[in-house]
Amino acid sequence: MRPIVLGGDIGAYASARAFHEAFGVRSVVVAGAATGPVRDSVAVDLRVVPDVAADLVATLGAIVAERPGERHLVLASADWLVEAVVAAAPQLRDLGVVVPYAPADVVAQVSDKAQVMAACAALGVPHPETAVIVLDGEARLDAVLAPLAELTYPRVVKVASTSRAHDVTYPGQAKVHVVADAAEARDLLGRMAAAGLRGGVLVQEVLPGGDGAMAAANVFVGPDGEVRFAQLGRVLLEEHTPTALGNSLAQVTADARTDAVAPAVLADVQRLLRHLGWSGFANVDLMQDAAGTYRVLEINPRVGRSGYAVTASGYNVAAMYVDAYLDRAPAPAAPVLGAREHLFTVVPTALLRVFAPQARAQVRRLRRARAVTNVLVYRAERSPRRWWYVTVAAVNQARKLLRYHPASPLAGRR
């Protein structure tokens, strides 16, 4: 078995590490550049391809030709790469590559936050109150933006499809914006439209709470559409740099046997994924409202960096893929719900004492129980260059938190 992972971020490394832990194999990682997360690693056979999506079939064909007798399975660590994989799925399967994703139309629907919000509304799954503005480049912008005047503010603004916005750049760009009034919303969407953004933009109510109000449900669905595994993780700390806002830096997985909330939340998420026809791995972002109810924000159609929280807590995601998509093992009679509390992090725990003070006692308890995993700190790594990168990455995370985190004494001085 030979995994192929597309992307050069921490999520790509996390997937490669999971396969190395479970099977002792190196994943062929195809990235646009030799980035730190995937360089000099015992778990990675790195191939640099500047335009991965454009050269996907030829690149994977050459990789398969190196070992034609192996079983190859491809994963992608970013939404736009997932879409490239599913678009090329027929050709990849002709090469003998296993593509463990839903059909392209399902992936497109799941990747579109506007469609996910509509599905939540139809099913009664909690979600933020949402208005959708569609930028089409043809209708008069004044008419398109007119509904903004009818909304209450402040509001959160974000594009419905991150892959559609992958190549769009506009002044003040951020992953998530907060606008104070209709005038600010009009200005922001005007800049997006002028930069060439097309498609839906979500304008949503602002939910109260900081990083600790965030959570994620990681769910694995087999090729038969049956949910095999589901786990809730509560976020302790997120990134606050404008272009990476919302990426999890630390979260604690819940024990569904004793957690008062996890079973109901996971039931709602499973219902949503079944309704959408999903198969494969899904990462569902959630946030608590003022009443303590977790609301669905979006679905990431892939294993991201926080997907490693599942592996770290004892449920190896790579093994799930092999079991379901290569070995075609039958689904369990009922989904396995994560039942181990574990701290997943990409930053040193010392930073959590500063930037997640509400969780100090919990972090201390999990450290004493040896239930803490930093995805970048893998004891199997041997390269001094690798360990130098891990050290530098930790320092850079500290610098970013000092610069951008609201609790930092330096925040606002940039």
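Scope of the values below: all heavy atoms of this structure, side chains included, with no hydrogens, waters or symmetry mates.
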Give the minimum heavy-atom separation between [X] and [Y], together with the two atoms involved.
{"X": "D289", "Y": "P208", "answer": "C-CG, 4.4 Å"}
{"X": "V38", "Y": "A12", "answer": "CG1-CB, 4.1 Å"}
{"X": "Q270", "Y": "V227", "answer": "OE1-CG1, 3.6 Å"}
{"X": "P68", "Y": "A65", "answer": "CD-O, 3.4 Å"}
{"X": "A256", "Y": "P263", "answer": "O-CG, 3.6 Å"}
{"X": "A119", "Y": "L276", "answer": "CB-CD2, 3.9 Å"}

Is the Y321 ring parallel, tilted or perpendicular to the F220 ring (thresholds 30°, 60°)? perpendicular
Using atom types as modelled and distance alone, determine if a side-chain donor or acceptor of [X] lies under 3.5 Å from a backbone N or O of [Y].
{"X": "S41", "Y": "A43", "result": "yes"}
{"X": "H127", "Y": "V125", "result": "yes"}
{"X": "Y325", "Y": "G280", "result": "yes"}
{"X": "E205", "Y": "P128", "result": "no"}
{"X": "N316", "Y": "A18", "result": "yes"}
{"X": "D55", "Y": "T59", "result": "no"}
{"X": "T35", "Y": "G8", "result": "yes"}
{"X": "T253", "Y": "R340", "result": "yes"}

Decide, yes or no, whether a salt bridge links [X] with [Y] under the criterion of side-chain N to carboxylate O below 4.0 Å.
{"X": "R234", "Y": "D259", "result": "yes"}
{"X": "E184", "Y": "R155", "result": "no"}
{"X": "R228", "Y": "D323", "result": "yes"}
{"X": "R302", "Y": "D79", "result": "yes"}
{"X": "E66", "Y": "R47", "result": "yes"}
{"X": "D268", "Y": "R295", "result": "no"}
{"X": "E239", "Y": "R305", "result": "yes"}

What ring pair (Phe, Tyr, Trp, His ring centres under 6.0 Å) pairs are there with at least one residue in residues 45-96, not counting sequence neighbours? W80-H166
Decide yes or no for [X] and [Y]: does some side-chain heavy atom of the first lie under 4.5 Å from some side-chain heavy atom of the second?
{"X": "T162", "Y": "K175", "result": "no"}
{"X": "V98", "Y": "L326", "result": "yes"}
{"X": "P242", "Y": "Q173", "result": "no"}
{"X": "R26", "Y": "V42", "result": "no"}
{"X": "V322", "Y": "D327", "result": "yes"}
{"X": "L188", "Y": "V201", "result": "no"}
{"X": "Q288", "Y": "M214", "result": "no"}
{"X": "M1", "Y": "V25", "result": "yes"}

Looking at [atom1] of [X] and [atom2] of [Y], how far apart are the two atoms once the value is rounded to the nearest 0.5 Å?
{"X": "Y294", "Y": "L286", "atom1": "OH", "atom2": "CG", "result": "8.0 Å"}
{"X": "M320", "Y": "T311", "atom1": "CE", "atom2": "OG1", "result": "7.0 Å"}
{"X": "D211", "Y": "F355", "atom1": "CG", "atom2": "CZ", "result": "11.0 Å"}
{"X": "L343", "Y": "E341", "atom1": "CG", "atom2": "CD", "result": "9.5 Å"}
{"X": "L189", "Y": "L197", "atom1": "CG", "atom2": "CG", "result": "8.0 Å"}
{"X": "F19", "Y": "E21", "atom1": "CZ", "atom2": "CD", "result": "12.0 Å"}

Verify side chain to side chain contact (heavy atoms under 4.5 Å, CB included) between L237 and L401, making sure each step is shown before the conclusion. CA-CA 10 Å; L237 182 65; L401 287 166; 4.0 Å; yes
Within a 6.0 Å radius of atom CZ on R399, are there more than 12 heavy atoms belonging to other residues, nucleotides or ligands? no
Decide if atom CZ of R365 counts as having more than 12 heavy atoms of other residues, nucleotides or ligands within a radius under 6.0 Å.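 Atom CZ in R365 is packed in, count exceeds 12.
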For W278 and V106, what are the C-alpha separation, side-chain angles and deciding distance, and is it a side chain to side chain contact (heavy atoms under 4.5 Å, CB included)? CA-CA 7 Å; W278 185 248; V106 176; 3.9 Å; yes
If you measure only the distance, is there a donor-acceptor pair under 3.5 Å linking the side chains of [X] and [Y]?
{"X": "S27", "Y": "H20", "answer": "no"}
{"X": "Q204", "Y": "T130", "answer": "yes"}
{"X": "D9", "Y": "S77", "answer": "yes"}
{"X": "R17", "Y": "Y308", "answer": "yes"}

List the atom pairs, donor and acceptor, that lie under 3.5 Å between side-chain atoms in residues 83-94 and the rest of the protein, sequence neighbours left out.
from	atom 1	to	atom 2	distance (Å)
E83	OE1	S163	OG	3.2
E83	OE2	S163	OG	2.7
R93	NH2	V99	O	3.0

Could you give me the CA-CA distance, side-chain angles and deciding distance for L6 and L60, then say whether side chain to side chain contact (heavy atoms under 4.5 Å, CB included) is met? CA-CA 10 Å; L6 307 181; L60 268 60; 4.2 Å; yes
Worked check of side chain to side chain contact (heavy atoms under 4.5 Å, CB included) between L273 and I299: CA-CA 9 Å; L273 292 172; I299 302 174; 4.0 Å; yes
